[in-house]
Engineer: 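This is the structure I have questions about; it appears just below.
FYI, side chains are in, hydrogens and waters are out, and symmetry mates aren't considered; it's all heavy atoms of this structure. Convention: sequence-line order gives letters A, B, ...; per-chain numbering from 1.
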There are 2 protein chains.
Amino acid sequence: MELSCKSEYALLALLELTAHFNSGEPLQIRQIAAEQSIPDRYLEQLLATLRRAGLVRSQRGAKGGYVLAREPWKITLLEAINCIEGLDSQSSDAGREAKSVEGMVIWEVWQEARQAADAVLQKYTLQDLADQRDARRQLDFMYYI
Amino acid sequence: MELSCKSEYALLALLELTAHFNSGEPLQIRQIAAEQSIPDRYLEQLLATLRRAGLVRSQRGAKGGYVLAREPWKITLLEAINCIEGLDSQSSDAGREAKSVEGMVIWEVWQEARQAADAVLQKYTLQDLADQRDARRQLDFMYYI
DNA sequence: TTATACCCCGGTTATCCACTGGGGTATAAG
DNA sequence: CTTATACCCCAGTGGATAACCGGGGTATAA
């Protein structure tokens, strides 16, 4: 029940890509890493995961980099977090039948809690976060004056 | 975002204590461990944590064991899980200010998701789970006939 | 052709989880 | 008072994962 460093890095990178989405130009790992103080070689792996999941698209060679594969208002936080946190193997039904009755009841309640959290993450898109960031920046600016 | 083995063991033990709450007699680690197939020496540590958190009370010596410190309908799952999962050091406000604006926005959304999950866990008490278990057992029994 | 920037794979250190074990201490029963 | 019981504290181990670092390969624009 904790936001891993991994997920936060990935979201930060996605937000950076969202900010540059309108330009049409790809963003490079070094730029994202420098902007958000993320170790670049590590970020590279996370972006590779996002690419394999189909959330971003990459361009190799000179003038290469990353762009969002879809519009930022069509990518939810749930999608982003799930794909880097790895939802593949153990979830839902598999490996959950050989338990006691108590185990089943506990598991069902836990599922309900997890779904509640997922619902929150699903209602926010990358665009929403970018908007919130802009609003926050505006606030900070006014406070500075 | 995953139910750890630790938490599940603790909840199973608490449910066992809930079932024997009316008898007034303390339950021993060996009994709980045998009933739910939990390694007993490991369960011992979890119960020690629950005791330090004030959720269960222990009696040492012969005829000793554990009892719930409060009535089972006054102990929520959120309490139980939080105390064994360790909510102590890093949460809420500490260590979260030296971040970028993006980091803050991400953190706030995450908090909202976590609170949604917590709300679900808070509305269920140990008694609720025990009742659900009984209902489930009844169903299984009828199915068996 | 060459510089660029992604791609793949493997290693390292630290941390945590699930679990085991040894020895100590309080308590009820005889 | 002794003794068996059952909790108490602390320390260690194997495996898994997280967060990184680094080397070398490959595609692409200039």
Side-chain angles (χ1 to χ4, degrees), chain A residues 1-13 16-17 20 24-69 81 84-90, chain B residues 1-13 16-17 20 24-69 81 84-90:
Chain A
M1 213 56 146
E2 197 174 309
L3 180 62
S4 72
C5 195
K6 218 170 164 181
S7 304
E8 188 171 355
Y9 287 166
L11 288 178
L12 287 171
E16 216 62 32
L17 290 177
H20 289 70
E25 300 270 302
L27 250 188
Q28 289 142 29
I29 291 178
R30 314 294 286 271
Q31 298 177 291
I32 302 175
E35 190 74 28
Q36 294 290 340
S37 309
I38 303 173
D40 52 354
R41 304 303 249 109
Y42 189 39
L43 180 59
E44 193 176 348
Q45 297 175 4
L46 302 181
L47 283 172
T49 304
L50 292 176
R51 178 179 51 82
R52 278 186 273 265
L55 280 183
V56 302
R57 210 182 306 276
S58 69
Q59 169 112 3
R60 299 175 70 163
K63 292 277 177 67
Y66 290 90
V67 286
L68 292 180
I81 290 182
I84 76 109
E85 214 67 46
L87 75 172
D88 27 39
S89 47
Q90 77 288 4
Chain B
M1 211 58 145
E2 197 176 309
L3 179 62
S4 71
C5 195
K6 218 170 163 182
S7 304
E8 188 171 354
Y9 286 165
L11 288 179
L12 287 171
E16 215 63 32
L17 291 177
H20 290 71
E25 300 269 302
L27 249 189
Q28 289 143 30
I29 290 178
R30 314 295 288 270
Q31 298 178 293
I32 302 175
E35 190 74 30
Q36 294 292 339
S37 308
I38 303 172
D40 51 357
R41 302 303 250 106
Y42 189 39
L43 180 58
E44 193 175 348
Q45 297 176 6
L46 301 180
L47 282 172
T49 304
L50 292 175
R51 178 179 52 81
R52 278 186 274 264
L55 281 184
V56 302
R57 210 182 307 277
S58 69
Q59 170 111 1
R60 298 174 72 163
K63 294 274 178 70
Y66 290 90
V67 286
L68 291 180
I81 291 182
I84 76 110
E85 215 67 44
L87 74 173
D88 27 39
S89 47
Q90 78 286 6

Engineer: From C-beta outward on A/R52, which listed nucleotide comes closest to its side chain: C/dA18, C/dC8, C/dG21?
Structural biologist: C/dC8
Engineer: From D/dT5, C/dA3, C/dC19, pick the nucleotide closest to the side chain of B/A62?
Structural biologist: D/dT5
Engineer: How do A/A48 and A/Q45 order along DNA chain C: which one's closest nucleotide is nearer the 5' end?
Structural biologist: A/A48
Engineer: On the side chain of A/E44, is there an atom forming a donor-acceptor pair with the base of C/dC7 - under 3.5 Å, no angle test?
Structural biologist: yes
Engineer: Do B/R60 and C/dT25 share a donor-acceptor pair, side chain to base, under 3.5 Å?
Structural biologist: yes
Engineer: Taking the side chain of A/R51 as its heavy atoms from C-beta onward, which of C/dC7, C/dA29, C/dA18 lies nearest to it?
Structural biologist: C/dC7
Engineer: Round to the nearest Å and state the distance from B/E85 atom CD to C/dC16 atom C1'.
Structural biologist: 11 Å
Engineer: By nearest atom, which of the nucleotides C/dC19, D/dC7, D/dA4 is closest to the B/P39 side chain?
Structural biologist: C/dC19
Engineer: Provide the Watson-Crick or G-U wobble partner of D/dA30, both distances under 3.5 Å; none if there is no partner.
Structural biologist: C/dT1
Engineer: Tell me the interatomic distance from B/Y66, atom OH, to C/dA26, atom P, rounded to whole angstroms.
Structural biologist: 15 Å
Engineer: Nearest to the side chain of A/C5 - C/dC6, C/dG22, D/dC20?
Structural biologist: D/dC20
Engineer: Of the options C/dC17, D/dC21, D/dA19, whose atoms approach the side-chain atoms of A/K6 most closely?
Structural biologist: D/dA19
Engineer: So which nucleotide does D/dC20 pair with, by the Watson-Crick or G-U wobble rule with both distances under 3.5 Å?
Structural biologist: C/dG11
Engineer: Looking at every strand, decide which applies to B/Q59 at a 4.0 Å heavy-atom threshold: base, sugar-phosphate, or nothing.
Structural biologist: sugar-phosphate
Engineer: For the side chain of A/R41, counting heavy atoms from C-beta on, which of D/dA4, D/dT28, D/dG24 is nearest?
Structural biologist: D/dG24
Engineer: Among the nucleotides D/dT5, C/dA5, C/dT20, which one has an atom lying closest to any side-chain atom of A/Q28?
Structural biologist: C/dA5
Engineer: How is B/R57 classified with respect to the nucleic acid when contacts are heavy atoms under 4.0 Å: base, sugar-phosphate, or nothing?
Structural biologist: nothing
Engineer: Base, sugar-phosphate alone, or nothing: which one does A/L47 contact when heavy atoms must sit under 4.0 Å apart?
Structural biologist: nothing
